Amino acid sequence: MTLGSTPQPADVVAELGLAFPYTFQKSDPRPWWLADLATSSSIVFPTSFANKSAVKIMDTVGPSAFGTSHSFAGVNLGLDYAGRVFVVYVFAQGKPSAAVPSQVLMSNWTVAGLGPDGGGSYGFFFRSGGSGSTVFCGALSAPFIVSGTSGTISFNTSMATQCSVVVVSTPRITNDALGGFTGADNQSTSVTVNNTAVSNGILMAGTVRNIAETITMTGVTKQTEFSHVSGYQCAWGVTYPTSAGAVSVTASGATSTREAIESSTWG
């Protein structure tokens with residue numbers, strides 16, 4: 001959840017997934033990360049933690065140049081701390097007009113020189129135009145465990161496209177994607193993806209549409225969206241803590257168009 005305007009110490013500890021009572025000390029910088037503060041700064045209750053969230057977007061970068069090799073230097077990874085996990089979302093937008101892909105794969109995917117932790121989604125969930133169309137909407141994600149406050153994200157795609165990247169950081173993930181990575185595509189005003197969540201877990205979803213208009217995501221409690229490539233709109237959303245059982249996320253827009261969505265659930 002996102003903390004309210006007047007959180008108390010017990011609320012902060014719970015948001016970080018820790019046990020109360022808890023001693024705030026700079027050898028464990030997670031509270032400073034949550035407060036968006038350097039460890040040299042003082043924490044003040046409740047203002048330092050007002051409206052903060054333990055699932056944070058650290059950076060949104062893109063687009064890459066149209067092609068099969070994609071690299072983003074100097075990506076912000078935020079304050080380093082023990083137990084930090086990143087979930088990196090990639091949105092592919094556009095294709096060569098002659099291409100009619102049956103699959104589009106990722107390879108050589110690294111963050112700060114390291115590959116995905118425990119596997120991930122290496123083929124885009126996508127919706128594509130046919131021959132003569134340059135439309136391609138693809139989404140995928142994978143977890144990474146790396147150190148440092150910034151780094152380069154690089155990967156190759158099996159088809160030429162442009163890509164945008166969203167980097168999410170959280171200390172709350174203790175297992176790899178428990179419900180797996182699921183995706184869906186459609187040519188309509190909405191697309192829905194289904195998954196399975198665990199109690200007190202996290203649900204994330206990323207979507208891309210072939211029109212630059214507002215995306216409304218239902219099934220998530222926090223959402224951000226952006227447009228890096230002309231004629232495309234991307235969005236990412238999260239909800240936590242989840243209840244155990246079936247979950248779904250729907251992304252909608254005013255205009256019927258090609259769209260794709262991917263979701264992952266975590267414990």
Side-chain angles (χ1 to χ4, degrees), residues 2 53 55-68 70 72 75-76 86-97 99 101 104 106 121 123-130 132-142 153 155 157 159-169 181-195 203-239 247-264:
T2 298
S53 169
V55 181
K56 293 179 181 287
I57 290 180
M58 302 312 303
D59 211 346
T60 302
V61 293
S64 58
F66 187 83
T68 58
H70 311 270
F72 307 87
V75 177
N76 179 36
F86 295 101
V87 180
V88 178
Y89 272 80
V90 177
F91 301 97
Q93 300 143 88
K95 70 175 184 68
S97 62
V104 178
M106 290 269 284
S121 182
F124 283 97
F125 297 99
F126 69 89
R127 188 76 172 199
S128 177
S133 170
T134 60
V135 173
F136 182 86
C137 299
L140 62 78
S141 68
I153 295 177
F155 52 86
T157 53
M159 180 191 73
T161 187
Q162 287 185 275
C163 292
S164 300
V165 171
V166 173
V167 180
V168 181
S169 175
F181 299 86
T182 62
D185 64 275
N186 204 4
Q187 185 168 348
S188 182
T189 57
S190 67
V191 61
T192 298
V193 62
N194 300 309
N195 210 325
L203 164 68
M204 300 185 196
T207 186
V208 55
R209 307 185 85 235
N210 175 226
I211 191 167
E213 64 182 20
T214 299
I215 296 173
T216 300
M217 299 182 75
T218 57
V220 298
T221 56
K222 185 177 181 181
Q223 173 189 337
T224 187
E225 62 182 298
F226 57 91
S227 179
H228 285 165
V229 177
S230 178
Y232 289 84
Q233 190 86 353
C234 303
W236 173 89
V238 62
T239 188
V247 290
S248 64
V249 178
T250 298
S252 304
T255 306
S256 178
T257 190
R258 293 178 179 90
E259 52 199 340
I261 190 169
E262 191 238 38
S263 79
S264 56

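These numbers were taken from a predicted model, which means no experiment stands behind them. Throughout, numbering of the chain's residues begins at 1 and tracks the sequence.
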task: Please name all residues satisfying side chain to side chain contact (heavy atoms under 4.5 Å, CB included) with A160, sequence neighbours left out, ordered by chain then number.
output: F66, T68, P96
- request: Report the residues that fulfil salt bridge (Lys or Arg N to Asp or Glu O under 4.0 Å) with K222, sequence neighbours left out, ordered by chain and then residue number.
  value: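 Salt bridge (Lys or Arg N to Asp or Glu O under 4.0 Å) check on K222 returns nothing, list empty.
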message: By the side-chain hydrogen bond (donor to acceptor under 3.5 Å, both in side chains) test, which pairs, at least two apart or in different chains, include something from residues 58-67?
response: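 side-chain hydrogen bond (donor to acceptor under 3.5 Å, both in side chains) check on residues 58-67 returns S64-H70.
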Quick check for you: to the nearest 0.5 Å, what is the distance between [X] atom [atom1] and [Y] atom [atom2]?
X    : Y    : atom1 : atom2 : result
S169 : K56  : OG    : NZ    : 8.5 Å
L140 : M106 : CG    : CE    : 5.0 Å
R127 : I261 : CZ    : CD1   : 14.0 Å

- request: Please lay out, stage by stage, how K95 and V104 fare under the test side chain to side chain contact (heavy atoms under 4.5 Å, CB included).
  value: CA-CA 11 Å; K95 70 175 184 68; V104 178; over 6 Å; no
task: Specify whether H228 and F226 have parallel, tilted or perpendicular ring planes, treating 30° as the upper limit for parallel and 60° as the lower limit for perpendicular.
output: tilted
Closest approach of [X] to [Y] (non-hydrogen atoms, all atoms of both residues):
X    : Y    : value
A235 : E225 : CB-CB, 3.8 Å
T134 : S97  : CG2-CB, 3.9 Å
V220 : G237 : CG1-C, 3.7 Å
C234 : Q93  : SG-OE1, 3.7 Å
R258 : S128 : NE-O, 3.5 Å
T250 : S190 : CG2-CB, 4.0 Å

Expected output: side-chain [X] to main-chain [Y] donor-acceptor under 3.5 Å:
X    : Y    : result
Q162 : V229 : no
S188 : S256 : no
T257 : N210 : yes
Q223 : M217 : yes
E213 : T255 : yes

- prompt: Does S263 have any side-chain hydrogen bond (donor to acceptor under 3.5 Å, both in side chains) partners at least two apart in sequence or in another chain, and if so, which?
  reply: T182, N195
task: Not counting sequence neighbours, which residues clear side-chain hydrogen bond (donor to acceptor under 3.5 Å, both in side chains) with Q187? List them please.
output: none
message: Going by the rule ring-ring contact (aromatic ring centres under 6.0 Å, His included), which residues pair with F126 if we only count those two or more places apart in sequence or in a different chain?
response: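 Applying ring-ring contact (aromatic ring centres under 6.0 Å, His included) to F126 gives F136.
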message: Taking side chain to side chain contact (heavy atoms under 4.5 Å, CB included) as the criterion, tell me which of F91, F181, F86 meets it with S141.
response: F181
message: What verdict does the side chain to side chain contact (heavy atoms under 4.5 Å, CB included) test give for V208 and F124, after you've listed the backbone C-alpha separation in whole Å, the side-chain angles of each residue and the deciding distance to 0.1 Å?
response: CA-CA 12 Å; V208 55; F124 283 97; over 6 Å; no
message: Under a 3.5 Å cutoff, is there a donor and acceptor pairing between the side chains of E259 and T207?
response: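 E259 vs T207: no donor-acceptor pair found between side chains.
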message: For V165 and V75: C-alpha separation, side-chain torsions, deciding distance, then whether side chain to side chain contact (heavy atoms under 4.5 Å, CB included) applies.
response: CA-CA 10 Å; V165 171; V75 177; 5.9 Å; no
